[in-house]
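Hydrogens, waters and symmetry mates are skipped; everything else that's a heavy atom, side chains included, is used.
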Amino acid sequence: MQFSQKITQLSIEAEAALKPHFERIDAISFENTQKVMDAFREFRVADGMFQTTSGYGYDDRGRDVLDQIWACVMDAEAAIVRHNIVSGTHALSIGLFGILRPGDIMYSVAGKPYDTLEEVIGITGNPGDGSLRDFGVTYEQTDLTEEGSFNFDEIGDKLRTFGKKVKMVFVQRSKGYLNRKTLSVDEIGELVRFVKNIDPEIYVVVDNCYGEFVETREPTAVGADLIIGSLIKNPGGGMAETGGYLAGSKRAVELASYRLTSVGVGAEVGATMGQNKLMYKGLFYAPHTTAQALKTAHLAAYIFEKLGYNVEPRWDVVRHDIIQTVITGCEESLCAFCRGIQMGSPVDSFVTPEPWAMPGYSDRVIMAAGAFTQGSSIELSADGPIRPPYTVYFQGGLTYESGKIGILAAADCVLREAKA
């Protein structure tokens, strides 16, 4: 691919300015890789653990050891990692339905959760479809402050007002389709301490999607009862072809496992069907692959900020997830960005993405994803709802080099659209 001189020069300037940030990202990747490899050694990972099982999957040593390794790496008491969790939304549903009961309150303290959870909770959707609302679970919400921090005054008031009815405090770590900053592990730890001081029995549950391995700790290290995510995002390392995980306290994971399979059976069953090796390999690659995505996001922020667009986070800001937003200002520029990402992808580069009414979303959405694994957000991808201010959400890049090509292609497409 050929890029304009303006964009090529911008990328040279960007990499010079970003050198200290790239060095910091590499240091985090090394520490997290060391943590993963230490866990592999502690639990004596061997070739036999990659073998397939069928039927009930009783005594699947590879599956059970992988759960233990995940718990160790996440600083959690327990974990379940399964290839038959089909998405992050599915994993979150398992956690929500596993813990919440009729009469309970689910209290989201970082604003509205990701769009695909609206029907799960019952914020939108048809009565009788099986949402939490249908099962008598009430939903409450507190938005972040204008500065992007937890509103502790309102959270405290609501927790004291609703009392024991609040079974779960829910935190979405990443921004989702909101124009807000991502929450750090330290900030989540502050929230956990605040909530537990009021009522230690409340479950603090974190949607950890897009945040894994960006820092050297996960929210479970600072007291979260349950963290949840997808293996086709950061923690699958671009190797896992499907799957999800839940990690946290022994009781929270146990309750989630009962929802995954059945009460009394939980995590003791589940044939792995030859998927163990990819999930082990994905965890091994995850810290490094996440680092590549972070570098790509920094590059995107620098280039588009210099082109005059509002970006979040800015190019010189320490990040807590892999998502980069660019406010494009109009539908045409949003679509042009996505076309450029598609052109700069290794798969389906010849395809032109178009907005469509995607299931689970309230607005038309455009998605660019020339990925080896369908829907894999750790691979180069960009998407956004067709609504003002026409924000594109960019993430991924299995390698920095391929991510850079995608960003340069997106910048060229946006510039051409602006001149048209």
Determine, stepwise, if the pair Ile228 / Asn208 fulfils side chain to side chain contact (heavy atoms under 4.5 Å, CB included). CA-CA 5 Å; Ile228 305 170; Asn208 205 34; 6.0 Å; no

Worked check of side chain to side chain contact (heavy atoms under 4.5 Å, CB included) between His298 and Tyr302: CA-CA 6 Å; His298 273 280; Tyr302 187 98; over 6 Å; no

As a quick check of understanding, evaluate side chain to side chain contact (heavy atoms under 4.5 Å, CB included) for Thr242 and Leu231, giving each step before the final call. CA-CA 6 Å; Thr242 187; Leu231 296 190; over 6 Å; no

Given Asn310 and Glu312, is the side-chain hydrogen bond (donor to acceptor under 3.5 Å, both in side chains) satisfied, shown in steps? CA-CA 7 Å; Asn310 290 324; Glu312 168 45 45; over 6 Å; no

Test side chain to side chain contact (heavy atoms under 4.5 Å, CB included) on Arg133 and Ile121 and set out the steps. CA-CA 6 Å; Arg133 181 181 60 188; Ile121 296 168; over 6 Å; no

Evaluate the ring pair (Phe, Tyr, Trp, His ring centres under 6.0 Å) criterion for residues Tyr139 and Tyr107: first the C-alpha distance (whole Å), next the side-chain angles of each, then the deciding distance (0.1 Å), finally the verdict. CA-CA 6 Å; Tyr139 173 77; Tyr107 181 22; 8.7 Å; no

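The CD atom of Gln395 sits 10.0 Å away from atom OG of Ser376, with the distance rounded to the nearest 0.5 Å. In this structure, OG on Ser402 lies 8.5 Å from CD on Gln292, to the nearest 0.5 angstrom. With rounding to the nearest 0.5 angstrom, the OG atom of Ser349 is 13.0 Å from the CD1 atom of Ile341. Between the CG atom of Leu334 and the CD1 atom of Ile386 there is a distance of 4.5 Å, given to the nearest 0.5 Å. A distance of 8.0 Å separates CD1 of Ile323 from OG of Ser377, quoted to the nearest 0.5 Å. In this structure, the separation between CG on Asn276 and NZ on Lys281 is 14.0 Å, given to the nearest 0.5 Å.
At a threshold of 4.5 Å between non-hydrogen side-chain atoms, the residues Ile322 and Ile378 count as touching. Thr53 is not listed as a side-chain neighbour of Gln51, based on a closest heavy-atom distance of 4.5 Å or more. The closest side-chain heavy-atom distance from Asp316 to His21 is below 4.5 Å. Contact of the Ser257 side chain with the Glu268 side chain is not registered, since no non-hydrogen atoms from C-beta on lie closer than 4.5 Å. Ile303 has its side chain within reach of Ile407: a pair of non-hydrogen atoms, C-beta onward, lies under 4.5 Å apart. Leu92 is not listed as a side-chain neighbour of Val120, based on a closest heavy-atom distance of 4.5 Å or more. Between Tyr258 and Val265 the shortest side-chain heavy-atom distance does not fall below 4.5 Å. Using a 4.5 Å cut-off on side-chain heavy atoms (C-beta onward), Val326 and Thr391 make no contact.
Side-chain atoms of Ser345 never come within 3.5 Å of backbone atoms of Val347 as a donor-acceptor pair (strictly under, hydrogens ignored). Listed for the Glu379 side chain is a donor-acceptor partner under 3.5 Å among the backbone atoms of Thr373. At least one donor-acceptor pair under 3.5 Å links the side chain of Asn32 to the backbone N or O of Phe213. Of the possible donor and acceptor atoms, none in the side chain of Arg387 sits under 3.5 Å from a partner among the backbone N and O of Gly384. At distances below 3.5 Å, not a single donor-acceptor pair connects side-chain atoms of Ser29 with backbone N or O atoms of Ile25. A donor-acceptor contact shorter than 3.5 Å links the side chain of Gln342 to the backbone of Asp348. Checked by atom type and distance alone, the side chain of Glu140 never pairs as donor or acceptor with a backbone atom of Ile105 at under 3.5 Å. The main-chain N or O of Ser174 is found under 3.5 Å from a side-chain atom of Gln172 such that the two form a donor-acceptor pair. A donor-acceptor pair under 3.5 Å is absent between the side-chain atoms of Glu331 and the main chain of Tyr390, judged by distance alone. Judged by distance alone, with hydrogens and angles left aside, the side-chain atoms of Lys35 form a donor-acceptor pair with the main-chain N or O of Thr216 at under 3.5 Å.
Glu15 has a carboxylate O that lies under 4.0 Å from a charged side-chain N of Lys404, or vice versa, which qualifies the two as a salt bridge. Taking the charged nitrogens against the carboxylate oxygens, Glu254 and Arg251 do have a contact shorter than 4.0 Å, which makes a salt bridge. The existence of a salt bridge linking Glu212 and Lys233 is excluded, since no basic side-chain nitrogen approaches an acidic carboxylate oxygen closer than 4.0 Å. With respect to the salt-bridge test (charged N to carboxylate O, under 4.0 angstrom), the residues Lys158 and Glu154 qualify. Taking the charged nitrogens against the carboxylate oxygens, Arg173 and Glu215 do have a contact shorter than 4.0 Å, which makes a salt bridge. Look at Arg339 and Glu417 and you find a salt bridge, because one of the NZ, NE, NH1 or NH2 atoms lies within 4.0 Å of a carboxylate O, short of that distance. Salt-bridge check for Asp64 with Arg61: failed, with every basic side-chain N at 4.0 Å or more from each acidic carboxylate O. Of the charged side-chain nitrogens involved, none lies within less than 4.0 Å of a carboxylate oxygen, so that Arg180 and Glu146 do not count as a salt-bridged pair. Remark: Lys112 engages Glu118 in a salt bridge, criterion side-chain N to carboxylate O under 4.0 Å. In summary, Asp67 and Arg82 engage in a salt bridge, as defined by a charged side-chain N under 4.0 Å from a carboxylate O. Remark: Lys181 engages Glu187 in a salt bridge, criterion side-chain N to carboxylate O under 4.0 Å.
Crowding of Arg41 atom CZ: a count of heavy atoms from other residues, nucleotides or ligands under 6.0 Å exceeding 12. Surrounding OH of Tyr56 are at most 12 heavy atoms belonging to other residues, nucleotides or ligands under 6.0 Å away. Atom NZ of Lys196 sits in a crowded spot, with more than 12 heavy atoms from other residues, nucleotides or ligands closer than 6.0 Å. Enclosure of atom OH in Tyr285 is not indicated, since only 12 or fewer non-hydrogen atoms of other residues, nucleotides or ligands lie within 6.0 angstrom.
A donor-acceptor pair shorter than 3.5 Å can be found between the side chains of Thr116 and Thr89. No hydrogens or angles considered: nothing links the side chains of Ser149 and Glu147 as a donor-acceptor pair under 3.5 Å. A donor-acceptor contact closer than 3.5 angstrom links the side chains of Thr272 and Asp60.
Taking the centre of each ring, Phe50 and Tyr280 come in below the 6.0 Å mark. Taking the six-membered ring for Trp, Phe170 and Tyr203 have ring centres at least 6.0 Å apart.
Screening Ile80, Asp225, Leu260 for a side chain to side chain contact (heavy atoms under 4.5 Å, CB included) with Val253, the sole residue that qualifies is Ile80.
When all heavy atoms of Pro353 and Ile366 are compared, the closest pair comes out as O-CD1, 3.7 Å. Nearest approach of Ala409 to Gly340, heavy atoms of both residues: CB-O, 3.3 Å.
The cationic atom of Lys306 (NZ for Lys, CZ for Arg) does not lie both less than 6.0 Å from the six-membered ring centre of Phe304 and within 45° of the ring axis.
Between Phe40 and Phe284, the two ring planes are tilted [angle within 30° to 60°].
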